[in-house]
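We count ligands from 1, going down the list as the structure has it; atoms in each ligand are counted the same way.
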Amino acid sequence: MRFFAVVAALVSAVAADTFTVIVGGNSTITYNPTSINATNGDVIQFQFVSKNHTVTQSTFAAPCTAMAGGVDSGFQDVATNASTFPVWSFTLTNTSAPLWFFCAQTGHCANDGMVFAVNPTAAKSFEAFQTAALATGTGTNSTTTNSTASATSSGASTSSTADSTVATASAAVASQSASGAVATANGASTLASDTIVGLVTVFGVGVGLWL
Ligand SMILES: *[C@@H]1O[C@H](CO)[C@@H](O)[C@H](O)[C@H]1NC(C)=O
Ligand SMILES: *[C@@H]1O[C@H](CO)[C@@H](O)[C@H](O)[C@H]1NC(C)=O
Ligand SMILES: *[C@@H]1O[C@H](CO)[C@@H](O)[C@H](O)[C@H]1NC(C)=O
Ligand SMILES: *[C@@H]1O[C@H](CO)[C@@H](O)[C@H](O)[C@H]1NC(C)=O
Ligand SMILES: *[C@@H]1O[C@H](CO)[C@@H](O)[C@H](O)[C@H]1NC(C)=O
Ligand SMILES: *[C@@H]1O[C@H](CO)[C@@H](O)[C@H](O)[C@H]1NC(C)=O
Ligand SMILES: *[C@@H]1O[C@H](CO)[C@@H](O)[C@H](O)[C@H]1NC(C)=O
Ligand SMILES: [Cu+2]
């Protein structure tokens with residue numbers, strides 16, 4: 001009885017995933033990936049690698065407006081010569097409906113479609129959310145201003161090295177909560193794979209002790 005209870009607890013701990021989302025990768029005005037499928041208990045960790053972005057919760061109906069009581073990373077500015085990068089994360093607590101996010105930097109949501117979704121559906125898709133976001137803007141951004149050809153050629157530069165040098169963000173967002181998402185204290189300096197390895201190790205030790 002006790003054995004099964006302990007194993008069940010450990011298995012459920014192992015099952016929680018950490019997703020990593022790169023914010024501003026290659027100096028673009030994007031989240032990468034733009035959406036994820038996740039379950040309660042999963043952690044979504046945002047790594048800010050360029051410019052000055054936010055991750056701010058909104059509603060599907062008002063994509064570029066902060067939701068009352070939603071989670072918000074606040075502005076995370078990254079100097080062009082930075083060698084460490086802010087990280088902010090939250091834990092999913094209610095995935096019975098999709099969750100929606102945007103960047104609150106001027107124009108990034110409305111003009112560049114910088115939005116993010118957790119568990120979008122066919123009826124409320126990421127594409128529909130982004131289209132709604134862009135509909136609130138001027139219809140002009142760096143892609144529409146420049147020719148399509150030149151716009152696609154300037155992207156590849158830095159940021160792939162960012163994964164190995166993650167710093168902590170400000171503590172200002174440590175105690176927020178919202179429907180569906182709870183922001184955690186910052187300082188997650190381990191990446192997803194490390195976390196999973198750690199939990200698997202705990203599981204192994206637990207089984208070893210009990211057997
Ligand atoms: C940066 O650009 C490279 C090359 O195009 C691409 O493979 C990579 O996924 C991009 N990274 C992000 C975070 O967008
Ligand atoms: C999420 O799941 C849906 C099916 O429910 C699938 O179509 C979609 O590709 C998945 N998205 C991601 C980012 O894995
Ligand atoms: C980041 O952007 C916000 C909003 O535009 C601005 O208030 C803030 O000063 C910026 N931070 C830095 C360090 O430039
Ligand atoms: C980054 O550049 C700024 C201005 O050029 C300089 O003041 C700052 O010390 C540099 N920071 C690092 C970490 O090199
Ligand atoms: C979870 O989210 C759904 C949809 O937003 C909401 O109806 C429900 O009340 C929430 N449940 C809890 C326990 O907050
Ligand atoms: C720029 O605006 C166009 C037209 O509104 C839109 O299709 C595109 O997704 C926007 N963002 C980027 C990064 O091109
Ligand atoms: C668009 O052109 C401006 C000015 O020429 C340049 O700074 C910017 O990087 C270009 N944007 C893209 C996406 O190519
Ligand atoms: Cu932004």
Exercise. Closer than 2.8 Å to the Cu ion (ligand 8), do we get an N, O or S atom from C109, backbone or side chain?
Worked result: no
For this session: Taking disulfide bond (SG atoms under 2.5 Å apart) as the test, write out the residues that go with C64, two or more places apart.
Result: C109
Seminar exercise, completed: Among the N/O/S atoms of H108, the Cu ion (ligand 8) lies closest to ND1
Tabulate distances under 3.5 Å between N/O atoms of ligand 3 and N/O atoms of the protein, writing both atom names on each line.
| from | atom 1 | to | atom 2 | distance (Å) |
| --- | --- | --- | --- | --- |
| ligand 3 | 2 (O) | N52 | ND2 | 2.4 |
| ligand 3 | 2 (O) | Q105 | NE2 | 2.9 |
| ligand 3 | 5 (O) | Q105 | OE1 | 2.8 |
| ligand 3 | 11 (N) | N52 | ND2 | 2.9 |

Exercise. Are F129 and S35 close enough that some pair of their side-chain heavy atoms sits under 4.5 Å apart?
Worked result: no
Problem set entry | Linked, directly or transitively: I36 and I22 (ILVMFWY side chains, under 4.5 Å) | yes
Problem set entry | Which of the ligand 6 atoms, numbered from 1, are nearer than 4.0 Å to a heavy atom of N111 | 1 (C), 2 (O), 10 (C)
For this session: Please find out if less than 6.0 Å separates the ring center of F90 from that of F101.
Result: yes
Seminar exercise, completed: For T143, the ligand 6 atoms with a heavy-atom partner under 4.0 Å come out as 12 (C), 13 (C), 14 (O)
Exercise. So, does T30 sit close enough to ligand 6 that a heavy atom of it is under 4.0 Å from the ligand?
Worked result: no
For this session: Identify whether F19 and F46 are in the same connected component of the hydrophobic contact network (ILVMFWY, side-chain heavy atoms under 4.5 Å).
Result: yes
Exercise. Which heavy atom of S58 sits nearest a heavy atom of P63, and at what distance?
Worked result: OG-O, 3.1 Å
Exercise. Where the Cu ion (ligand 8) is the corner point, what angle links SG of C103 with ND1 of H53, to 10°?
Worked result: 120°
Donor-acceptor contacts under 3.5 Å from residues 113-123 side chains, at least two apart:
| from | atom 1 | to | atom 2 | distance (Å) |
| --- | --- | --- | --- | --- |
| N119 | OD1 | A38 | N | 2.7 |
| N119 | ND2 | A38 | O | 2.9 |
| T121 | OG1 | A123 | N | 3.4 |
| T121 | OG1 | K124 | N | 2.9 |

Exercise. Taking N or O atoms only and a 3.5 Å limit, does T144 qualify as a polar contact for ligand 6?
Worked result: no
Problem set entry | Summary of side-chain hydrogen bond (donor to acceptor under 3.5 Å, both in side chains) pairs that have at least one residue in residues 99-108, sequence neighbours excluded | H53-H108
Problem set entry | Non-hydrogen atoms of T138 and N111 that approach each other most closely | N-OD1, 2.8 Å
Seminar exercise, completed: D112 heavy atoms within 4.0 Å reach ligand 6 at atoms 11 (N), 13 (C)
Exercise. Among the clusters formed by ILVMFWY side chains lying less than 4.5 Å apart, do L92 and W88 turn up in the same one?
Worked result: yes
